[in-house]
S.K.: 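Please find one structure pasted underneath; my questions will follow.
Both backbone and side-chain heavy atoms feed into the values below; hydrogens, waters and symmetry mates do not.
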Amino acid sequence: MRGTLRIYLGAAPGVGKTYAMLGEARRRRERGTDLVVGYVDCHGRPRTVEMLDDLEVVPSKTMTYRGTTFTEMDTDAVIARAPRVALVDELAHTNIPGSQHEKRWQDIEDLLDAGIDVISTVNIQHLESLNDVVEQITGIPQRETVPDEVVRRADQVELVDMTPEALRRRMAHGNVYPPETVGAALGNYFRVGNLTALRELAMLWLADKVDDQLDRYRADHHITGTWEARERVVVGLTGGPEGETLIRRAARIADRSKGADLFAVHITPSDGLAGASPAHLARQRALVESLGGTFHHVVGDNVPGALLEFARGINATQLVMGASRRGRLAQIFSRGVGVEVTALSGSIDVHMVTHEATKQGRAARLSALTRRRRAVGFVIAVAGMPLLSIALANLRGQLSLPSDILIFLIGVVGVALAGGLWPALVAALLGSALLNYYFTPPLYTFTIAEAQNVLALLVYVLIAIAVSTVVDLAARRTREAAQASANAAVLANLSGSVLRGEKALPVILERLRETYGLDSVTLLERPPDTPLTPGRQQEPERWRVADTVGGEPCTSPDEGDMAVAVDDDLSLVLCGRTLPAADRQVLEAFAAQAAVALRQQRLEDEAEQVRPLAEADRMRTALLGAVSHDLRTPLAGATAAVESLRSHEVAWSDQDRGELLDVAATSLQRLDRLVTNLLDMSRLQAGALGIATESTALDEVVPLALDAVGPGADSVQFQIPDDVPDVLADPALLERVLVNLIANALRHTPPGRSVLVAASAHGTMVEVRVVDRGPGIPQGERDLVFQPFQRLGDTANGSGVGLGLALALSLGLTEAMGGTLVPDETPGGGVTMILTLPAAETTIAAADLEDPA
């Protein structure tokens with residue numbers, strides 16, 4: 001049998017989680033429970049240490065990592081002891097490398113699997129889902145985290161709460177941290193605002209945990225009624241224009257109850273033939289999410305049942321719906337969704353909200369047949385039925401009354417196929433009258449002598465009406481399915497174009513123009529400072545073209561053949577022809593997507609404009625970081641050497657004095673090189689670094705670079721054959737590049753090994769290779785060596801494989817001179833920096849060919 005897990009959850013360190021856990025342990029021990037302490041960290045707090053008295057502690061195991069000894073819980077020893085309950089502190093703790101598991105919560109899983117009940121502790125900042133939120137609040141990243149699911153699976157989670165003021169008092173009294181660290185902690189992590197936000201996070205997370213437990217309990221006990229433990233407001237949306245009114249009303253209802261949840265739901269028929277406007281639904285989704293709610297799609301043929309099932313599933317307390325747009329005649333045959341939901345809602349309060357669309361009636365359904373076909377159907381019904389009567393009258397002696405009725409029925413079906421329901425009904429009634437007059441005894445009267453003939457005519461009328469209805473419905477569904485299939489194909493083509501990486505807004509407009517054969521499609525927007533003056537919204541000067549495809553763009557919605565309003569500030573205008581109402585849903589979907597694409601394009605443009613500023617700001621920040629960090633070492637070395645030489649308390653020998661002077665000189669050279677690199681990097685980034693390329697001999701520049709390197713240059717070997725041509729470069733900048741590359745190679749080459757500088761010609765290019773014998777660079781990290789102010793493998797003391805600013809500047813200078821700089825692996829270990837520049841002779845010859853004069 002698996003053990004149970006109880007967790008004490010705290011908003012911050014020091015609220016008393018471990019103390020509360022030990023208090024529970026002492027109470028259980030007094031009740032006779034077999035209990036041990038698997039691992040508890042008292043953090044040096046005397047009162048917590050006192051709580052451990054008389055509790056059995058399983059000895060921890062010691063582990064050595066990088067020369068330091070650590071203690072970890074001995075999971076195997078706890079399992080071997082087999083207590084009823086084990087205390088294990090710090091659920092999110094990361095074990096020392098080499099342990100059986102990486103995380104302590106995994107050790108706890110082993111204890112639970114062994115049938116041991118576990119009591120543990122965790123802080124809210126260690127939950128994985130809240131890690132980034134806590135970092136944003138406190139500014140401190142949390143490296144030790146535990147998956148939320150681990151805590152959610154716990155059988156009990158108890159919040160250990162303390163007000164921020166009380167926690168800060170505890171800290172000030174020295175009950176949490178040592179006195180020397182209290183001041184810094186109170187001024188940083190443990191500020192009142194931080195603690196208040198963390199406390200709210202803990203309470204909200206625990207409230208969600210309680211909601212989950214309540215839902216499981218209701219499901220396990222088959223409870224379908226609403227428990228009003230928390231206000232949850234559901235707003236039902238049809239996709240009509242009234243949706244925004246309903247959402248705002250529902251939001252106001254939710255705001256009256258602190259902590260109430262807002263849900264919006266749209267019921268979609270399972271056949272996919274929905275009449276909802278995609279544009280309206282897109283705007284309503286955005287509105288719901290901006291108000292802090294969530295938007296949901298539910299598939300169901302029974303709209304009232306699906307809506308109530310969703311509401312009961314989330315334990316909703318209130319339901320907001322729009323007043324019915326059905327006419328009185330329609331309400332006679334069907335009560336409507338609102339009435340059905342109200343009748344079946346039970347304990348859920350239903351709010352019926354009136355809106356402007358109430359009296360406008362429902363949107364016109366897709367017509368199954370065109371007006372022309374309906375007109376043809378009426379003509380066939382009015383003219384065809386009498387002609388059919390004349391034809392059958394000539395066959396009076398050969399056909400019986402049932403045969404005549406069946407033939408008339410075939411005629412009604414033909415009329416239904418040609419013109420739809422209403423012509424078929426006219427044909428059925430007219431056929432009934434003709435059958436009665438011409439074929440039912442007594443003839444040529446509207447009286448019927450035999451009761452069975454009355455029944456036959458009545459059945460004929462009913463069958464004719466039923467068949468006409470079925471035929472019309474089938475035609476309607478066929479048309480709707482074809483329209484839906486065409487719409488899906490259009491939208492799939494649109495989405496495929498966007499997913500292939502094409503620019504979104506022009507693609508959307510061009511696809512719309514191509515699909516419907518339009519002359520032009522224009523997306524108009526209203527400038528932000530344009531007032532919404534009644535009666536003047538359509539004037540051209542109040543609109544501007546956001547984007548257009550095709551011919552001459554429209555400058556106002558009135559200029560086009562058709563306009564689809566996205567919102568008050570955007571309108572999609574079509575020129576070329578007027579599209580049928582059946583295509584309006586797709587047009588609204590195009591319009592909604594065009595609006596999203598426009599906003600995304602504007603955001604990308606703004607981001608592109610801000611990127612240089614952000615890059616400049618990053619560079620300034622990096623420069624300040626470099627000045628405060630990288631300049632410290634050479635400056636400290638030079639200062640210490642000079643101060644030592646100025647001291648009168650020590651009699652320095654000539655050798656010591658010379659060494660101190662060498663230290664000062666080396667540090668100042670390094671400082672000068674670093675400051676020069678910083679200035680050149682800032683000028684290069686700003687585009688203000690002047691470059692004058694000319695024919696430059698490598699055998700002249702390399703010695704100058706070696707002289708500038710200073711100490712260590714004696715271990716540099718260079719091989720520059722006489723047949724290597726001059727390069728086209730700026731001599732001063734080329735020297736700077738070589739100094740940086742050679743200095744970096746010397747820094748990482750072990751003592752006793754030399755650095756090689758070799759040059760060779762390859763066609764029209766000259767390669768200069770700087771070869772070191774250092775630790776090398778992993779293949780996947782070679783691109784990182786050119787990032788300024790970064791070192792690969794950085795450690796606390798600044799050592800590592802690092803390259804950083806020098807190579808970043810070298811790369812920039814090389815590319816500015818028309819060359820390339822790439823790292824490569826040195827055979828036998830190390831890095832080879834390959835500097836490639838154009839040969840001067842080839843460049844001059846090419847120039848002569850272009851201008852013989």
Side-chain angles (χ1 to χ4, degrees), residues 269 271 273 275 301 326-334 361-362 364-484 580-582:
D271 58 10
L273 303 176
D301 292 324
R326 298 166 60 86
R328 293 184 178 180
L329 181 60
Q331 292 179 6
I332 295 175
F333 298 98
S334 175
R362 295 185 59 85
R365 299 174 60 187
L366 287 173
S367 175
L369 301 172
T370 63
R371 290 184 178 180
R372 182 177 178 180
R373 287 191 59 179
R374 288 199 299 273
V376 170
F378 280 115
V379 170
I380 295 175
V382 173
M385 288 299 172
L387 293 176
L388 181 61
S389 299
I390 295 173
L392 293 178
N394 295 328
L395 302 174
R396 189 186 308 276
Q398 303 176 23
L399 298 175
S400 63
L401 178 60
S403 299
D404 294 334
I405 291 176
L406 290 176
I407 293 174
F408 267 86
L409 186 59
I410 294 174
V412 173
V413 172
V415 172
L417 291 174
L421 176 62
W422 294 108
L425 292 179
V426 172
L429 295 176
L430 182 59
S432 175
L434 293 172
L435 282 170
N436 185 13
Y437 189 81
Y438 286 103
F439 302 100
T440 305
L443 300 180
Y444 311 116
T445 66
F446 289 101
T447 60
I448 303 174
E450 299 181 10
Q452 60 181 1
N453 292 337
V454 175
L455 178 62
L457 288 176
L458 181 60
V459 170
Y460 158 75
V461 172
L462 294 177
I463 292 177
I465 293 175
V467 171
S468 301
T469 303
V470 171
V471 170
D472 182 77
L473 181 62
R476 187 185 303 277
R477 291 305 186 196
T478 300
R479 184 177 178 84
E480 290 176 348
Q483 184 70 35

S.K.: What pairs of residues pass the side chain to side chain donor-acceptor pair (under 3.5 Å) test when at least one of them lies in residues 403-417, not counting sequence neighbours?
M.R.: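 Side chain to side chain donor-acceptor pair (under 3.5 Å) check on residues 403-417 returns Ser400-Ser403.
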
S.K.: In terms of heavy-atom contacts, does OH of Tyr438 have more than 12 from other residues, nucleotides or ligands at under 6.0 Å?
M.R.: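 No, not enclosed.
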
S.K.: To check you understand the geometry: which heavy-atom pair defines the closest contact between Gly377 and Val415, and what is its length?
M.R.: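 That closest heavy-atom pairing would be O-CG1, 3.6 Å.
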
S.K.: To the nearest 0.5 Å, tell me how far Leu392 CG sits from Leu434 CG.
M.R.: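 One finds 10.0 Å between CG of Leu392 and CG of Leu434.
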
S.K.: Rounded to the nearest 0.5 Å, what's the gap from CD1 on Ile407 to CG on Leu435? Could you check?
M.R.: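 One finds 10.0 Å between CD1 of Ile407 and CG of Leu435.
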
S.K.: Might you point out which heavy atoms bring Pro386 and Leu430 nearest each other, and give the distance in Å?
M.R.: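 Looks like CD-CD2, 4.2 Å.
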
S.K.: Go through the steps for Ser432 and Phe408 under the test side chain to side chain contact (heavy atoms under 4.5 Å, CB included), then give the verdict.
M.R.: CA-CA 9 Å; Ser432 175; Phe408 267 86; over 6 Å; no

S.K.: Between Pro423 and Val379, is there a side-chain heavy-atom distance shorter than 4.5 Å?
M.R.: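 No, too far: nothing below the 4.5 Å cut-off.
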
S.K.: Taking all non-hydrogen atoms of both residues into account, name the closest pair between Ala427 and Met385 and its distance.
M.R.: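 Ala427 and Met385 have their closest heavy atoms at CB-CE, 3.6 Å.
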
S.K.: Could you report the tightest heavy-atom contact between Ala424 and Val412, atom names first, then the distance?
M.R.: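 The pair with the smallest heavy-atom distance is O-CG1, 3.8 Å.
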
S.K.: What distance separates Ile405 CD1 from Leu399 CG, expressed to the nearest 0.5 Å?
M.R.: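 Output value for this atom pair is 12.0 Å.
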
S.K.: Could you name each residue pair satisfying side chain to side chain donor-acceptor pair (under 3.5 Å) that touches residues 419-431, not counting sequence neighbours?
M.R.: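 Listed once each, the pairs would be none.
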
